[in-house]
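Keep in mind the model is a prediction, meaning the values are calculated, not measured.
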Amino acid sequence: MLGKKLVTAQKRGETRALCLGLGMVACSMMMYFFIGITIVPFYTKSVWTTETLCKVLKANIKDKVFCPNSEGSEDEEIFPYPCLQVWVNLTASGQEVMLYQTEDTLEKNPKCSYVPDKLENSKEVKAQIETIASNFKKYQTFPCYYDPGGTQNNVILSRLYPSKGLLFAFLWPTLMFTGGCLIIVLVKISQYVSVLSAWQ
């Protein structure tokens with residue numbers, strides 16, 4: 001009687017462990033799919049892939065412009081902000097090019113190097129942009145990314161999805177997939193050993 005209970009408990013434990021392993025594998029595959037349709041296309045679409053040094057030539061704040069990233073939106077979502085333009089000397093080619101914060105900045109407003117998030121207080125936006133401009137003037141040389149193919153005659157300060165970020169995004173589903181496979185293998189080994197011992 002006690003032996004049957006132990007066997008039943010062992011089978012239940014194996015079934016639960018097997019379900020856990022299969023669930024981890026399924027979740028990791030879903031995470032791989034989600035990363036593949038969201039992050040990977042943005043990473044592969046970016047042409048600013050080579051890192052070099054940029055030296056600031058001038059950082060000027062122009063008149064206020066309206067956020068152009070508001071097509072089809074209501075009027076209250078359109079907000080003006082000072083336009084910061086940063087021109088740098090590209091060390092790799094010696095060209096004078098315009099600097100943008102990220103790939104999105106160029107798409108939102110190609111006239112400005114920095115596009116702030118929507119803030120209700122215009123003084124905060126102005127102070128934020130003035131701080132950024134002073135930092136560029138203070139730190140004259142810094143790493144930036146340019147297009148080695150020459151399709152884009154500008155540079156960006158940082159990539160939205162760098163190589164390290166992409167590897168970090170794939171790290172967790174890989175660990176989950178490995179753990180799930182390991183659990184399944186251990187359960188199968190345990191079942192095999194149980195059958196072998198019972199046969200003997």
Side-chain angles (χ1 to χ4, degrees), residues 31-93 95-139 141-172:
M31 292 174 68
Y32 278 130
F33 177 75
F34 180 76
I35 294 172
I37 63 175
T38 55
I39 298 178
V40 173
F42 286 105
Y43 175 80
T44 55
K45 188 177 69 173
S46 178
V47 295
W48 297 272
T49 55
T50 306
E51 185 176 354
T52 185
L53 288 177
C54 288
K55 185 176 181 180
V56 176
L57 297 175
K58 52 185 176 181
N60 301 325
I61 299 178
K62 302 293 184 179
D63 295 333
K64 286 188 177 181
V65 296
F66 286 91
C67 179
N69 192 25
S70 54
E71 296 180 358
S73 61
E74 297 180 359
D75 291 341
E76 57 265 19
E77 294 185 0
I78 303 174
F79 65 100
Y81 58 92
C83 183
L84 172 64
Q85 292 182 346
V86 180
W87 292 88
V88 298
N89 184 13
L90 188 60
T91 306
S93 61
Q95 293 178 324
E96 181 179 340
V97 295
M98 189 169 178
L99 174 74
Y100 296 95
Q101 184 185 13
T102 61
E103 298 94 332
D104 276 356
T105 308
L106 180 62
E107 295 180 1
K108 290 179 180 179
N109 190 352
K111 296 181 180 179
C112 303
S113 298
Y114 174 74
V115 176
D117 296 329
K118 182 182 177 182
L119 297 174
E120 295 182 359
N121 193 340
S122 59
K123 292 182 179 179
E124 292 181 3
V125 175
K126 183 179 179 181
Q128 184 182 31
I129 292 177
E130 288 178 350
T131 302
I132 295 172
S134 63
N135 287 335
F136 276 119
K137 294 176 182 179
K138 182 179 179 181
Y139 303 100
T141 306
F142 51 86
C144 59
Y145 295 89
Y146 74 100
D147 176 19
T151 56
Q152 291 287 343
N153 295 323
N154 44 60
V155 294
I156 60 174
L157 181 62
S158 60
R159 300 183 66 183
L160 285 174
Y161 301 103
S163 301
K164 292 182 180 179
L166 189 65
L167 292 175
F168 185 76
F170 277 106
L171 175 64
W172 296 110

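The nearest pair of heavy atoms linking Lys111 to Met98 is O-CE, 3.1 Å.
With sequence neighbours excluded, no residue forms a side-chain hydrogen bond (donor to acceptor under 3.5 Å, both in side chains) with Tyr100. Residues passing the ring-ring contact (aromatic ring centres under 6.0 Å, His included) test with Phe142 are Phe136, sequence neighbours excluded. Residues that satisfy the side-chain hydrogen bond (donor to acceptor under 3.5 Å, both in side chains) test with Thr151, not counting sequence neighbours, are Asp147. Taking Glu96 as the reference, nothing meets the side-chain hydrogen bond (donor to acceptor under 3.5 Å, both in side chains) condition, with sequence neighbours excluded. Applying the side-chain hydrogen bond (donor to acceptor under 3.5 Å, both in side chains) test to Tyr161 and every residue at least two apart in sequence or in another chain returns nothing.
Side chains of Leu166 and Ile39 form a contact here, defined as non-hydrogen atoms less than 4.5 Å apart. The side-chain heavy atoms of Ser46 and Leu160, taken from C-beta on, include no pair separated by under 4.5 Å. Inter-residue side-chain proximity for Leu84 and Val86 is flagged as met; some heavy-atom pair is nearer than 4.5 Å.
With hydrogens and angles left out, the side-chain atoms of Tyr146 and Asn153 include no donor and acceptor closer than 3.5 Å. Remark: the Trp87 side chain and the Asn60 side chain contain no N/O donor-acceptor pair separated by less than 3.5 Å.
The stretch residues 31-43 participates, sequence neighbours left out, in these side-chain hydrogen bond (donor to acceptor under 3.5 Å, both in side chains) pairs: Tyr32-Thr174, Tyr43-Ser163.
A distance of 10.0 Å separates OH in Tyr114 from OG1 in Thr102, rounded to the nearest 0.5 Å. Lys123 NZ to Glu130 CD: the interatomic distance, rounded to the nearest 0.5 Å, is 12.5 Å.
Using a distance-only test at 3.5 Å, with no hydrogens or angles considered, no donor-acceptor pair links the side chain of Trp48 to the main chain of Pro148. Side-chain atoms of Gln128 do not come within 3.5 Å of backbone N or O of Pro116 as any donor-acceptor pair.
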